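Quick caveat, the model's predicted, so the values are computed rather than measured. Letters go in sequence order (proteins before strands), and every chain restarts at 1. Hydrogens, waters and symmetry mates are skipped; everything else that's a heavy atom, side chains included, is used.
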Amino acid sequence: MKVVFMGTPEFALEALKALSTEHEILAVYTKEPKISGRGNKLVKTPIHIWAESHGVEVRTPKTLRQEEEQKKFAALNADIAVVAAYGLILPRPILDAYPLGCINIHASLLPRWRGAAPIQRCIEAGDKKSGVTIMQVAEGLDTGDMLMKGEVTITPQTTGGDLHDKLAQLGAELVVKTLNNIDKIIPEKQDDALSCYAAKVEKEESNIDFMMPAAQLCRKIMAFSPYPAIFFEHNGERFKILRANLAKNENIPTGNVLQKGLQLFIGASDGAIEITEIQRQGKKAMSTVELLRGYQF
RNA sequence: CGCGGGGUAGAGCAGCCCGGUAGCUUACCAGGCUCAUAACCUGGGGGUCGGAGGUUCAAAUCCUCCCCCCGCAA
């Protein structure tokens with residue numbers, strides 16, 4: 001099939017790679033390079049870099065609202081467009097440009113967790129499973145008809161990063177499968193009554209909230225690990241918490257950070273958590289045991 | 001030129017400002033003590049102090065350039 005791929009972050013890359021092995025990628029749409037990172041350098045998206053190194057045309061319009069862009073899109077004459085965390089809204093003319101329309105790879109079991117940050121929000125909420133939904137793109141936010149789903153389980157040890165990687169992989173497999181069976185798949189409507197929204201992750205959220213119940217704090221830490229990561233401040237330094245679990249038998253005052261031998265605890269509102277993986281500012285991530293060999297709280 | 005931290009024994013850190021051939025914790029090895037819930041005591045091995053120049057009688061420590069890692073901001 002002739003495919004136009006639209007995506008931006010790392011999450012989309014697996015899908016693009018998988019599609020490229022079985023289908024023809026006519027062009028790639030991605031966000032334009034932006035000033036980012038140390039030194040404020042112009043950084044291209046992972047999709048952009050991959051496409052360039054594989055000789056695929058890259059397009060980086062700021063918006064698809066203009067008729068001119070829409071015509072250029074349609075002129076590619078693809079069979080279908082595959083979208084994965086692209087970041088731009090697709091207007092009607094784009095959705096209707098190709099015979100098979102646009103399908104999206106969404107990192108949740110829709111209709112649960114529509115929106116921007118399904119990976120983090122489902123762990124934070126304590127869901128026992130998550131997955132990927134391949135769906136038709138509609139005008140509403142992640143409301144289109146579903147074509148295919150795949151599940152993965154979430155354990156208390158699953159971090160946002162772990163889930164991200166698994167879902168990216170799963171999404172890649174499913175989207176290929178979807179394209180190969182597109183004529184046999186019967187689209188399934190979403191039950192709006194079961195939907196919920198995964199709010200964008202805001203910067204302020206990564207500042208630790210000691211008033212949270214311990215269990216919830218743990219989930220949030222795992223959900224936000226490794227990025228953006230929950231942090232606390234101590235001795236004027238910032239420490240990212242990358243992994244934590246409930247500390248049942250510890251009684252630590254809310255908001256206190258307590259070192260006990262080679263263990264590190266933090267008091268939440270109704271109990272304590274033990275930090276097991278941590279990153280001191282300016283340092284690499286390491287197990288708490290390693291840090292405590294040389295650093296005293 | 002966005003702001004900043006760091007690269008020192010296997011691991012984690014101190015020392016650097018106020019130059020004088022390196023220290024702590026842990027791990028490892030040996031011996032001792034002994035049933036200790038981070039067991040303890042004694043002894044021991046292990047380091048081109050990221051790389052290259054420079055200043056100096058002398059540089060991990062001061063100066064210059066380079067490489068690598070990371071936090072913040074966006």
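Counted by atom type alone, A/D192 and A/S195 present zero donor-acceptor pairs between their side chains at under 3.5 Å. Side-chain atoms of A/T30 and A/T45 include a donor-acceptor pair closer than 3.5 Å. Looking only at atom types and distance, the side chain of A/H23 has a donor-acceptor partner in the side chain of A/N180 under 3.5 Å away.
Within the 4.5 Å cutoff, the side chain of A/I103 has no heavy atoms near those of the A/V83 side chain.
In the set B/G71, B/C69, B/G2, the nucleotide with an atom closest to the side chain of A/Q281 is B/G71. The side chain of A/K283 lies closest to B/G6 when the candidates are B/C72, B/C69, B/G6. When distances run from any side-chain atom of A/R293 to the nucleotides B/A73, B/C72, B/U25, the shortest one goes to B/U25. In the set B/C13, B/A11, B/G2, the nucleotide with an atom closest to the side chain of A/R280 is B/C13. Side chain of A/R38, nearest nucleotide from B/C13, B/G71, B/A74: B/G71.
For A/K203 and B/G71, the NZ to C1' distance is 11 Å, given to the nearest whole Å. Distance A/L264 CG to B/A38 C1': 15 Å, rounded to the nearest Å. Protein atom CG of A/L292 is 15 Å distant from nucleotide atom C1' of B/A27, rounded to whole Å. Separating the CG atom of A/N40 from the P atom of B/G4 is a distance of 13 Å, rounded to the nearest angstrom. Whole-Å rounding puts the A/E250 CD to B/A38 P distance at 11 Å. If you measure from atom CZ of A/R238 to atom C1' of B/A73, you get 10 Å, rounded to the nearest angstrom. Spacing between atom CD of A/Q259 and atom C1' of B/U25 amounts to 11 Å, rounded to whole angstrom units. Rounded to a whole Å, the CZ atom of A/F239 is 15 Å from the P atom of B/G12.
For the P atom pair drawn from B/G31 and B/A36, the interatomic distance equals 23 Å after rounding to whole Å. Only the P atoms considered, B/G47 is 32 Å distant from B/G71, to the nearest whole Å. Straight-line distance between the P atoms of B/U21 and B/U26: roughly 26 Å, to the nearest whole Å. B/U64 sits 29 Å from B/A73 when the P atoms are compared, rounded to a whole Å. Distance noted for atom C1' between B/U8 and B/U25: 15 Å (whole Å). Taking atom C1' in both B/U48 and B/A60, one finds a spacing of 12 Å when rounded to whole Å. Nucleotides B/U55 and B/G19 have their C1' atoms positioned 12 Å apart, rounded to a whole Å. Comparing B/G12 with B/C18, their C1' atoms sit 28 Å apart, to the nearest whole Å.
Aromatic ring pairs are classed by plane angle as parallel below 30°, tilted from 30° to 60° and perpendicular above 60°; the pair A/F297 and A/Y295 is perpendicular.
Counting Ile, Leu, Val, Met, Phe, Trp and Tyr side chains that sit under 4.5 Å apart, directly or through other members, A/L141 shares a hydrophobic cluster with A/Y197.
Within a heavy-atom distance below 4.0 Å of RNA chain B, no residue of residues 219-234 of chain A is found.
In this structure, the side chain of A/Q70 does not engage the main chain of A/K72 through any donor-acceptor pair within 3.5 Å.
Both distances falling under 3.5 Å, in either a Watson-Crick or a G-U wobble arrangement, occur for no nucleotide opposite B/U61. B/U55 makes up no base pair with any nucleotide shown, lacking Watson-Crick or G-U wobble contacts both under 3.5 Å. B/G71 is paired with B/C3 under the criterion used here, namely a Watson-Crick or G-U wobble arrangement in which both key atom distances are under 3.5 Å.
Across all strands shown, A/K34 has no heavy atoms under 4.0 Å from either base or sugar-phosphate atoms. Among the heavy atoms of the strands, none lies under 4.0 Å from A/Q296.
Along RNA chain B, the nucleotide nearest to A/K260 and the one nearest to A/M286 differ in position, and the one closer to the 5' end is contacted by A/M286. Along RNA chain B, the nucleotide nearest to A/G39 and the one nearest to A/G261 differ in position, and the one closer to the 5' end is contacted by A/G39.
Taking the ring centre of A/F239 as origin, the terminal cationic atom of A/R280 falls outside the region bounded by 6.0 Å and 45° from the ring axis.
Electrostatic pairing of A/E205 and A/R121 counts as a salt bridge here, judged by a charged N lying under 4.0 Å from a carboxylate O.
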